[in-house]
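Counting from 1, the numbers follow the sequence of the chain as shown.
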Amino acid sequence: MTYKQERITPYHNGQEKSKQVEAMFDNIAHSYDLLNHRLSFGIDYLWRNTAIRQLMPYKPASILDIATGTGDFAIMSAKKLHPEKVVGIDISEGMMRIGAEKVKEAGLGNIISFKKEDCEHMSYNDGSFDAITTAFGIRNFQNLDACLKEMCRVLRTGGQLSILELSRPIHFPMKQLFWIYSHTLLPLYGKLISKDNEAYKYLISTIESFPQGEEMVGIFKKAGFSEAKFKRLTFGICTCYFAIK
């Protein structure tokens with residue numbers, strides 16, 4: 001099945017989506033952390049904490065952080081879950097270079113490593129990880145179904161998946177307020193700080209077109225997960241998903 005956001009690309013230059021997304025994140029890597037925290041008013045930290053708390057009862061020893069970006073989720077997972085290893089993968093080397101510096105500063109180089117990988121075709125063996133995390137990345141996948149099947153494949157039986165994704169509020173007045181914010185302040189501020197005119201227009205388009213809530217639960221189960229649930233956070237601006245293989 002093809003989902004609407006899979007047809008949305010940042011630059012409309014004829015390249016496949018994954019190549020355009022890679023270029024986009026390389027372009028905005030220098031400003032990504034600043035924008036992420038400011039545009040969410042710092043609430044993104046609380047969202048990540050919620051997603052990590054879902055994994056605490058399971059005490060995963062090995063974690064794969066997909067679409068790791070600059071490594072915020074990987075670093076928080078290492079600090080709060082105390083695993084033996086966290087592997088952060090991404091298609092943007094520019095983002096991961098910044099993440100590697102942050103890991104070094106945090107003194108977590110013996111736990112966290114980074115590798116360039118395409119989620120649709122990962123190099124890991126079946127059942128390689130106890131848990132998988134990803135924050136604000138799955139709506140950028142070129143093929144959502146294929147990537148989720150790969151995530152299920154590299155997860156051990158009984159392993160957990162904890163995902164954060166931005167979403168559209170569904171209730172008044174937050175639904176209307178979010179539309180105004182996302183179509184005015186967010187792209188303008190994103191353009192001023194990142195110097196990329198298209199990146200934050202693209203990111204808003206993917207939020208608006210991405211499946212959410214009950215629909216995403218069905219997509220997780222179709223990919224092979226036996227259990228899946230979701231919780232809307234901050235009036236529905238973000239959704240936290242949890243699934244078990």
Side-chain angles (χ1 to χ4, degrees), residues 1-7 16-19 21-22 25 48 51-52 54-69 71-74 76-78 81 83-93 95-96 99 111-165 206 210-231 239-245:
M1 179 177 179
T2 300
Y3 303 99
K4 186 177 179 181
Q5 89 287 342
E6 293 175 349
R7 299 191 296 271
E16 61 180 26
K17 178 171 181 172
S18 62
K19 293 296 183 184
V21 170
E22 177 183 353
F25 280 112
R48 287 185 179 88
I52 286 171
Q54 296 184 132
L55 298 174
M56 284 181 174
Y58 301 94
K59 298 179 173 59
S62 57
I63 300 172
L64 178 64
D65 187 41
I66 294 175
T68 192
D72 278 353
F73 212 177
M76 187 180 283
S77 296
L81 296 172
E84 295 174 9
K85 70 173 183 178
V86 180
V87 180
I89 67 168
D90 205 293
I91 58 174
S92 169
E93 292 183 288
M95 297 281 277
M96 288 190 290
I111 298 174
I112 302 173
S113 62
F114 294 98
K115 186 177 180 182
K116 183 174 182 178
E117 290 265 352
D118 182 348
C119 181
E120 196 172 334
H121 305 286
M122 288 189 279
S123 63
Y124 303 106
N125 293 329
D126 295 0
S128 294
F129 296 94
D130 296 324
I132 293 176
T133 59
T134 183
F136 318 123
I138 61 172
R139 73 182 191 280
N140 297 310
F141 290 165
Q142 181 168 288
N143 187 320
L144 179 61
D145 286 337
C147 289
L148 289 176
K149 287 177 182 177
E150 270 289 270
M151 292 160 82
C152 190
R153 180 186 68 78
V154 303
L155 197 60
R156 68 166 175 80
T157 301
Q160 307 86 41
L161 176 68
S162 188
I163 287 180
L164 288 171
E165 192 49 84
T206 56
F210 192 69
Q212 62 180 36
E214 293 85 354
E215 185 178 1
M216 274 303 300
V217 165
I219 293 170
F220 286 127
K221 290 183 176 179
K222 184 175 70 171
F225 293 92
S226 61
E227 300 177 37
K229 62 182 181 179
F230 72 95
K231 180 180 180 180
T239 302
C240 189
Y241 297 96
F242 182 75
I244 295 177
K245 178 176 176 178

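When the side chain to side chain contact (heavy atoms under 4.5 Å, CB included) test is applied to Ala131, the partners found at least two apart in sequence or on another chain are Leu55, Pro60, Ile63, Gln160. Every residue two or more places apart in sequence or in another chain that forms a ring-ring contact (aromatic ring centres under 6.0 Å, His included) with Phe220 is listed here: Tyr241. Residues passing the side chain to side chain contact (heavy atoms under 4.5 Å, CB included) test with Thr157 are Lys245, sequence neighbours excluded. Partners of Lys222 according to the side chain to side chain contact (heavy atoms under 4.5 Å, CB included) rule, which considers only residues two or more places apart in sequence or in another chain, are Met1, Tyr3, Asp145. Residues passing the ring-ring contact (aromatic ring centres under 6.0 Å, His included) test with Phe210: none are found, sequence neighbours excluded.
Residues Tyr58 and Ile244 have side chains in contact (heavy-atom distance under 4.5 Å, counting atoms from C-beta outward). Residues Asp90 and Phe114 form no side-chain contact, since every pair of their non-hydrogen atoms from C-beta on lies 4.5 Å or further apart. Proximity of Ile52 to Phe73: side-chain heavy atoms (C-beta onward) are separated by under 4.5 Å at one or more points. For the pair Leu64 and Met122, the minimum side-chain heavy-atom distance is below 4.5 Å. By the 4.5 Å heavy-atom criterion applied to side chains, Glu215 and Phe230 are not counted as neighbours. Residues Pro211 and Gln5 are in side-chain contact: their nearest non-hydrogen atoms beyond the backbone lie under 4.5 Å apart. You'll find the side chain of Ile91 stays beyond 4.5 Å of the side chain of Gln142, heavy atoms only. Within the 4.5 Å cutoff, the side chain of Met216 has no heavy atoms near those of the Ile163 side chain.
Sorted by first and then second residue, the salt bridge (charged side-chain N to carboxylate O under 4.0 Å, His left out) pairs involving residues 131-143 (not counting sequence neighbours) are Arg139-Glu165.
For Ser62 (side chain) and Lys85 (main-chain N/O), no donor-acceptor pair under 3.5 Å exists by modelled atom type. Arg153 contributes a side-chain N or O that, together with a main-chain N or O of Tyr124, makes up a donor-acceptor pair within less than 3.5 Å.
Other residues, nucleotides and ligands place no more than 12 heavy atoms under 6.0 Å from the NZ atom of Lys229. Within a 6.0 Å sphere centred on NZ of Lys116, other residues, nucleotides and ligands contribute more than 12 heavy atoms. Under a cut-off of 6.0 angstrom, the local environment of NZ in Lys17 is crowded, with over 12 non-hydrogen atoms contributed by other residues, nucleotides or ligands. The number of heavy-atom neighbours closer than 6.0 Å to CG of Asn125, taken from other residues, nucleotides and ligands shown, is 12 or below.
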* Report the C-alpha separation of Ser162 and Gln54 in whole Å, then their side-chain angles, then the decisive distance to 0.1 Å, and conclude whether the side-chain hydrogen bond (donor to acceptor under 3.5 Å, both in side chains) test is met. => CA-CA 7 Å; Ser162 188; Gln54 296 184 132; 2.8 Å; yes

